[in-house]
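Below is one structure, written out as structure tokens, with a few remarks after it.
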There are 4 protein chains.
Amino acid sequence: MSTATGQVSPFPTPERRRRDRSAKREAILDTALELFLEQGYHHVTLNQVAERLHITKPALYNYFAGKTEILFACWMAGFEQAAEAIARIEAGPGDGLTRLRALIRDYGLLMTTPRGRCLIRFDDRDFTPEQRDRISACKKQVDAAFRSWIAAGIEDGSIRPCDPKMAAFVIGGALNWIGQWHRDDGPMSPQAVVDDFADRLTKGLATD
Amino acid sequence: MSTATGQVSPFPTPERRRRDRSAKREAILDTALELFLEQGYHHVTLNQVAERLHITKPALYNYFAGKTEILFACWMAGFEQAAEAIARIEAGPGDGLTRLRALIRDYGLLMTTPRGRCLIRFDDRDFTPEQRDRISACKKQVDAAFRSWIAAGIEDGSIRPCDPKMAAFVIGGALNWIGQWHRDDGPMSPQAVVDDFADRLTKGLATD
Amino acid sequence: MSTATGQVSPFPTPERRRRDRSAKREAILDTALELFLEQGYHHVTLNQVAERLHITKPALYNYFAGKTEILFACWMAGFEQAAEAIARIEAGPGDGLTRLRALIRDYGLLMTTPRGRCLIRFDDRDFTPEQRDRISACKKQVDAAFRSWIAAGIEDGSIRPCDPKMAAFVIGGALNWIGQWHRDDGPMSPQAVVDDFADRLTKGLATD
Amino acid sequence: MSTATGQVSPFPTPERRRRDRSAKREAILDTALELFLEQGYHHVTLNQVAERLHITKPALYNYFAGKTEILFACWMAGFEQAAEAIARIEAGPGDGLTRLRALIRDYGLLMTTPRGRCLIRFDDRDFTPEQRDRISACKKQVDAAFRSWIAAGIEDGSIRPCDPKMAAFVIGGALNWIGQWHRDDGPMSPQAVVDDFADRLTKGLATD
DNA sequence: GATGAATGAGGATTCATTCAT
DNA sequence: TATGAATGAATCCTCATTCAT
């Protein structure tokens, strides 16, 4: 990326072009996300997003097709993290209960981050029908992870027999709720919260 | 209100006037609430509300000062039901655990009704600062009920020692979540859901 | 108006009816006029007028056909006072200069009263075309009084030859302006102001 | 700004951009001003302003923050002319009487122009409190000019001793009134009017 | 004569989006 | 790629006015 003289070429290579572009997209996304969470989607104008980035409104359209595209991208950014956690746990070792606890911890932690909060703080009805469909499918994936590991735990004897669906609802509700009440400047660290929750939410489920 | 001939006088008494007015206010409120839950506050226009009531938009202003006033009234209507349940349980008999279970059932049931859903489906940032303050106080009341009965249960021995705050977060989260996933046309009746939840959410807490 | 027993009959005679009605009309007019001068015609709602009178908005329509009718009546109330002054001076003795000075004093005094202020503080374009026509005619009358007495003064030698029209413009402008700057709580009493003005405005005109 | 071939570049330089923008602002201002004087502020809609300019309503918001901003800008445009006249006379030679006469002429002429008329035809109560404050300060400047030159004239002997405040009221009233009665298509040219007024209004004041 | 309720018309303002440059 | 400018669509709200009672 540097010339023989050690200077950075002012002519960006196609490679760097792509990286720049991608970085800008990310910047827009994070800024928008921040504002959306702060003020609520409908109270945020694209002008605000642009201003905070020191660019102009139409420039945003070079990276996103419109306001809901940004919203959607925010949501997806959050989902990717959830999906990664699920994949990681899936790939790792452990019985049903172990995996469930791991997911509770990871998903709970996610809920204390901006990207994670998007998953439940955004209103479904602000998306286009197409986006809604995709989101719905993603949510099902997450739900399926919870349910399947509960079911697996019952199967492998680490979890007492119960209705996985209802159990998942309780756990999911408690975890999602974290995104509403947890404050970074609060008394409990995210890690402490999720450790507590992992215990508490599986206490009644574990066989031992 | 009826003449000797048994006919209702067409001249409304002041009493009836008040009742009529109140009934209309309620009708507006329920219609708005319905639409808000269906489409989301920002996607609902006052025209829609008026149309569904077969009146005109400005007529709404005879009953509410503006759009956010309606929103606020919806929220408060939901809160009143919660407050009533709390008062009823408070006035009734039972140890901490009994009361907690009763609240879980009542609050959970509320979450399956339109008015109850308002409590958690509306976005705080759509209210005026003054409204937000009042709502915040109301929310504290509900939270206090959960925490105080958990604490009372620990005191009276019906609940195992634990952190009432965290326990309340778990329970509150699970219950509020009901408002998001429960469908009236779903497989489980509201009563069945809350009975299950009352069990499930206190299983780990009960001393016996 | 009282019965033989000395009590006032609760059944108003037609005569008293008329007086009541007239009194109410006047009350509305004065209240409206007050508000119009305070806040400007377009910033005053009929609700405000009604409220200040402790009646309801539609009640106003029993006395006036609409908002502009009230405005018009206010203006006319002011004009009547001017017309009376003119008639009184016309009927009285004195040469042209004497009469001009008397008119300056009376018209100037009028400008320090609410009714008088209406004459120049209201915007012509807030009236209907018909009202505008009538007002225009009234204004001409006042203007004619000024001009004719100036002309009469030139004729009778009390005023030095000059263009009556231009002189009237100067005098009229100075007098109307009083309505804009004079405050009841200011340092000069209305009488002091108009005495000063009568002098000042005729100093250059008088022959002596 | 032009290419070697003498053609104007279609790519506006920043400089030209600024000029264009400024010119458009002026155009809006003049159009609005025209309409305000024609129909009165409250009877003019932004749509009318936009239509007369062959643009759309929201385009106006690129140049002015709102309707009252336009109103305010109109007033200020008028004031600037008055301020310039005052500064010019102040900078020039002459005793108090000479300067007073010059101001009468210039201010009187201003009153026969659209921009000048704004100074007295707009209603103070249509401005925001902040604007009102600024306008009030401006008006004081103009008033101060009249009074100070009258006082200066008394000092230097060109004007007979009198109360400068009252004299300024008379002169100001007469001049402002021009804006109400003078028509461009009337019998007297603006210049003729103000020459006459300068004479007439100082006749009683001059020492000789 | 007075009222509560309802209405119709209108107007300012906001904002996502587009386009020429 | 980025920008200034312009637009169209939409919405809340106000208010004079009317009408049944």
Side-chain angles (χ1 to χ4, degrees), chain A residues 12 17 20-21 24 42-50 54-70, chain B residues 9-14 16-18 20-21 24 42-50 53-70, chain C residues 12 17 20-21 24 42-50 54-70, chain D residues 9-14 16-18 20-21 24 42-50 53-70:
Chain A
R17 263 242 163 77
D20 280 2
R21 186 177 171 78
K24 284 183 191 168
H42 289 281
H43 296 294
V44 175
T45 73
L46 289 188
N47 249 335
Q48 286 179 298
V49 178
H54 305 295
I55 59 173
T56 61
K57 188 166 40 166
L60 297 174
Y61 285 82
N62 285 324
Y63 302 93
F64 292 96
K67 197 183 179 190
T68 77
E69 285 294 332
I70 301 181
Chain B
S9 160
F11 296 92
T13 62
R16 201 183 123 210
R17 267 251 160 77
R18 206 169 338 115
D20 281 2
R21 188 176 173 77
K24 285 182 193 166
H42 289 283
H43 296 294
V44 175
T45 74
L46 290 188
N47 249 338
Q48 287 179 297
V49 178
L53 287 161
H54 305 294
I55 59 174
T56 61
K57 189 167 37 170
L60 296 173
Y61 284 85
N62 281 326
Y63 301 92
F64 292 96
K67 199 183 178 189
T68 77
E69 285 292 331
I70 301 181
Chain C
R17 266 243 162 76
D20 280 3
R21 187 176 169 77
K24 286 182 191 168
H42 289 282
H43 296 294
V44 175
T45 74
L46 289 188
N47 250 336
Q48 286 180 298
V49 178
H54 304 294
I55 60 173
T56 61
K57 187 166 42 168
L60 297 173
Y61 284 82
N62 286 323
Y63 301 93
F64 292 95
K67 198 181 178 189
T68 77
E69 284 294 330
I70 301 181
Chain D
S9 160
F11 297 91
T13 62
R16 201 182 123 208
R17 266 250 160 79
R18 204 168 341 112
D20 281 3
R21 186 173 175 80
K24 285 182 192 168
H42 289 282
H43 296 294
V44 175
T45 73
L46 290 189
N47 249 335
Q48 287 180 298
V49 178
L53 287 160
H54 304 294
I55 60 173
T56 62
K57 187 164 42 166
L60 296 174
Y61 285 83
N62 281 327
Y63 301 92
F64 293 96
K67 198 181 178 189
T68 77
E69 284 293 331
I70 301 182

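Each chain gets a letter, A, B and so on, in the order the sequences are listed, and its residues count up from 1.
- Within the model, atoms CG of L46(B) and OG1 of T56(B) stand 11.5 Å from one another, a figure rounded to the nearest 0.5 Å.
- What separates NZ of K24(B) from P of dG4(E) is a distance of 13 Å, to the nearest Å.
- Panel note: side chain Q48(D), backbone T45(D); a donor-acceptor pair is recorded below 3.5 Å.
- For K57(D), the side-chain atoms get nearest to dA12(E) when compared with the rest of dT17(E), dA12(E), dA2(E).
- The side chain of K67(C) lies closest to dA16(F), out of dT3(F), dA5(E), dA16(F).
- As a whole-Å value, the separation of I55(D) CD1 from dT7(F) C1' is 11 Å.
- Side-chain N/O atoms of N62(A) include none lying less than 4.0 angstrom from OP1 or OP2 on dT1(F).
- In this structure, the nucleotide among dT3(E), dC13(F), dA2(F) sitting nearest to the side chain of Y63(A) is dA2(F).
- Put simply, CZ on F64(A) is 15 Å from P on dA16(E), counting in whole angstrom units.
- Proximity note for T45(A) (side chain, C-beta onward) versus dA5(F), dT7(F), dC15(E): the nearest is dC15(E).
- Ring geometry for H43(B) versus H42(A): interplanar angle over 60°, hence perpendicular rather than tilted (30 to 60°).
- Along DNA chain F, the nucleotide nearest to G66(B) and the one nearest to A65(C) differ in position, and the one closer to the 5' end is contacted by G66(B).
- For Y61(C), taking side-chain heavy atoms from C-beta onward, the closest of the listed nucleotides dG8(F), dA12(E), dT17(F) is dT17(F).
- The distance between atom CD1 of I70(D) and atom C1' of dA12(E), rounded to the nearest whole Å, is 11 Å.
- Between R21(B) and the phosphate of dA5(E), there is a side-chain N or O to OP1/OP2 separation shorter than 4.0 Å.
- Comparing dT3(E), dT7(F), dT18(E) against the side chain of P58(D) picks out dT7(F) as the nearest.
- Atom CG of L60(A) and atom C1' of dG4(F) are 15 Å apart (whole Å).
- As a whole-Å value, the separation of Q48(D) CD from dG10(E) P is 12 Å.
- Atom-to-atom, NE2 of H42(D) to P of dA12(E) comes out at 11 Å; the value is rounded to the nearest Å.
- Nearest-nucleotide positions on DNA chain F for H54(A) and H43(C) put H54(A) closer to the 5' end.
- At a threshold of 4.0 angstrom between heavy atoms, the contacts of V49(C) with the nucleic acid are absent.
- Whole-Å rounding puts the N47(A) CG to dT13(E) P distance at 17 Å.
- Using a distance-only test at 3.5 Å, with no hydrogens or angles considered, a donor-acceptor pair links the side chain of K67(B) to the main chain of V44(B).
- Nearest to the side-chain atoms of A59(D) among the listed nucleotides dA16(F), dG8(E), dT7(F) stands dT7(F).
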